[in-house]
Amino acid sequence: MTTVSAGPVAVAQRLREGMAVGVLSFPLTAFRDDGSLDPDGFRAHVAERLAAAPGAVFPACGTGEFFSLDEDEYRQVVTITVEEAAGRVPVVAGTGYGWAQAVRFARIAEDAGADALLVLPHYLVAAPQDGLVAQLEQIAARTPLPLIAYQRGQVAFTAGSLRRIAALPNVIGLKDGHSDLDRLQRLTLAAPEDFLFFNGASTAEIQARAYATVGVPAYSSAVHAFAPEIAGAFFTALRDGDRGTVDKLLRDFYVPLVELRDRVPGYAVSLVKAAARLRGHRVGPVRAPLTDPSPADLAALTALLTTGLDLVGASL
């Protein structure tokens, strides 16, 4: 499936409109118990996410275990997402590793009909600012798809570097996972007015109000992958200034979720997938090096999920 990209300006506008009305959804990649890709399970999962009205959908990113997919699996994941979205919302596929490999994934995503790419942090090594910029330059020169840079881990742009990547015609935005609001404010002030920013912190709702104070109200939601009722209620309360509901959801659901998440490395994905299974979604286990939650942590997750759903009038 090859389509002609709508172009960076048009895609950025669609994303901007989507961010204003819904969270950004990062679907889980479904695996069978033997670790093989489950295309039918993934298709059903994506369809359910789309039915919950996200602002955009981001397949094969961190929550979707991009790092564990081979190129054929990646093609299937992006293709299925594009087919299910059917143009209703933008599809932004993940890409990453070094720029040469990122370009290989970019070409697959372009062929599959993705609207844009989220450039995940490069593999392993620390790099100077010139290198971080060059990574985006190399990818941007080899794909027509709009790019969103993702700063997290070893990737952290200065204001000067942000100006340089924003000057590239097909770099349209930045996802931030550092939660350094001083740095982020400097970046938003350095960027062109139409440049997109969104909060990509783990369990982004925890910091959504803080991000909004520096001009970044949009955020990704891992909770949308398993409890769109909770994610939607929080988004609506935050948008409408309903402080009581925001505080209650944070206090009784999101903060305990983060405390559970922080018990074991990798739980930012593993717990999300386990919660989706608890709700009957056929997403299967995580792939190594991630591990599924222990029985004790799964029991704690079940109780917490029941509480969170009860808060918004839903059930497990």
Side-chain angles (χ1 to χ4, degrees), residues 12 15-28 49 52-58 61-64 89-90 92 118 148-153 156-157 173-189 191 195-262 267-269 271-272 275 304-305 307-309 311-314:
L15 283 166
R16 185 174 295 105
E17 292 169 355
M19 290 175 177
V21 298
V23 300
L24 304 177
S25 180
F26 286 66
L28 300 155
R49 298 316 96 211
V57 62
F58 289 66
C61 293
T63 305
V89 297
V92 184
L118 177 66
I148 298 171
Y150 186 7
Q151 64 168 19
R152 189 188 186 103
F157 294 101
L174 179 76
K175 177 183 179 182
D176 176 71
H178 282 296
S179 304
D180 181 339
L181 297 184
D182 180 285
R183 175 186 289 267
L184 185 59
Q185 182 71 89
R186 295 169 191 265
L187 297 182
T188 61
L189 293 172
F195 200 73
L196 301 174
F197 287 90
F198 65 94
N199 167 6
S202 296
T203 318
E205 287 90 343
I206 288 285
Q207 301 183 63
R209 284 192 293 207
Y211 270 80
T213 65
V214 295
V216 183
Y219 61 90
S220 59
S221 175
V223 172
H224 192 271
F226 63 87
E229 306 96 325
I230 300 173
F234 184 90
F235 178 87
T236 299
L238 185 67
R239 180 195 61 196
D240 295 347
D242 182 354
R243 184 183 180 93
T245 298
V246 168
D247 284 350
K248 186 167 185 58
L249 287 170
L250 287 174
R251 183 184 305 111
D252 296 343
F253 176 74
Y254 283 100
V255 169
L257 179 64
V258 168
E259 291 172 349
L260 181 59
R261 181 200 72 197
D262 289 347
Y267 266 16
V269 177
L271 285 180
V272 173
L304 179 57
L305 180 55
T307 296
L309 291 169
L311 289 172
V312 297

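Keep in mind the model is a prediction, meaning the values are calculated, not measured. Heavy atoms only: backbone and side chains are in, while hydrogens, waters and symmetry mates are out.
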- Query: Rounded to the nearest 0.5 Å, how far apart are CG of Leu271 and OG of Ser202?
  - Reply: 11.5 Å
- Short side-chain donor-acceptor distance under 3.5 Å, Arg261 and Thr203: yes
- Message: Rounded at 0.5 Å granularity, tell me how far CZ in Arg49 sits from OG in Ser25.
- Response: 6.5 Å
- Query: What closest approach, in Å, do Val57 and Pro27 show between heavy atoms, and which atom pair accounts for it?
  - Reply: CG2-CD, 3.6 Å
- Item | salt_bridge(Arg186, Asp180) N-O dist < 4.0 Å | no
- Query: Is there a donor-acceptor pair under 3.5 Å between the side chain of Arg16 and the backbone N or O of Leu196?
  - Reply: no
- Query: Would you say the side-chain atoms of Asn199 pair up with the backbone N or O of Ala201, donor to acceptor, closer than 3.5 Å?
  - Reply: yes
- Check: Tyr150 ring centre within less than 6.0 Å of Phe58 ring centre: no
- Show your reasoning for whether side chain to side chain contact (heavy atoms under 4.5 Å, CB included) applies to Val214 and Phe197. CA-CA 11 Å; Val214 295; Phe197 287 90; over 6 Å; no
- Measure from the side-chain N and O atoms of Thr213 to the backbone N and O of Ala210, and report whether any donor-acceptor pair falls under 3.5 Å. yes
- Message: I want to check something: taking the side chain as every heavy atom from C-beta on, are Phe198 and Ile148 in contact at a cut-off of under 4.5 Å?
- Response: yes
- Query: Nearest 0.5 Å, what's the CZ-CG distance between Arg183 and Asp176?
  - Reply: 9.0 Å
- Note on the structure: Correct closest heavy-atom pair for Val312 and Ala233 would be CG1-CB, 3.5 Å
- Query: What pair of heavy atoms forms the shortest contact from Gly55 to Val89, and how long is it?
  - Reply: O-CB, 4.0 Å
- Item | N/O donor-acceptor pair under 3.5 Å between Asp182 side chain and Gln185 backbone | no
- Message: Leu24 vs Tyr219, test: side chain to side chain contact (heavy atoms under 4.5 Å, CB included). Steps then yes/no.
- Response: CA-CA 6 Å; Leu24 304 177; Tyr219 61 90; over 6 Å; no
- Message: Main chain of Gly200, side chain of Arg152: is a donor-acceptor contact present, judged purely on distance under 3.5 Å?
- Response: yes
- Do you know which two heavy atoms are closest between Phe234 and Val246, and how far apart they sit? CE1-CG1, 3.8 Å
- Atom pair OG (Ser220) and CZ (Phe26), whose distance is rounded to the nearest 0.5 Å: 4.5 Å
- Message: Would Val272 and Leu28 count as a side chain to side chain contact (heavy atoms under 4.5 Å, CB included) here? Give the steps.
- Response: CA-CA 8 Å; Val272 173; Leu28 300 155; 3.7 Å; yes
- Do other residues, nucleotides or ligands put more than 12 heavy atoms under 6.0 Å from Arg209 CZ? yes
- Start with the C-alpha distance between Leu118 and Lys175, add both sets of side-chain angles, then the distance that settles side chain to side chain contact (heavy atoms under 4.5 Å, CB included), and finish with yes or no. CA-CA 8 Å; Leu118 177 66; Lys175 177 183 179 182; 4.1 Å; yes
Atom pairs and distances, side-chain donor-acceptor, residues 249-258, under 3.5 Å, sequence neighbours left out:
residue : atom : partner : partner atom : Å
Asp252  : OD2  : Lys248  : NZ           : 3.1
Tyr254  : OH   : Glu205  : OE2          : 3.3

- Task: Measure across His224 and Pro54 and return the closest heavy-atom pair with its distance rounded to 0.1 Å.
- Result: CE1-CB, 4.0 Å
- Query: How long is the gap from OG1 on Thr188 to OH on Tyr211, to the nearest 0.5 Å?
  - Reply: 11.5 Å
- Taking side chain as C-beta onward, heavy atoms only, is Leu184 less than 4.5 Å from His178? no
- Query: Which heavy atom of Val23 sits nearest a heavy atom of Ala231, and at what distance?
  - Reply: CG1-O, 4.4 Å
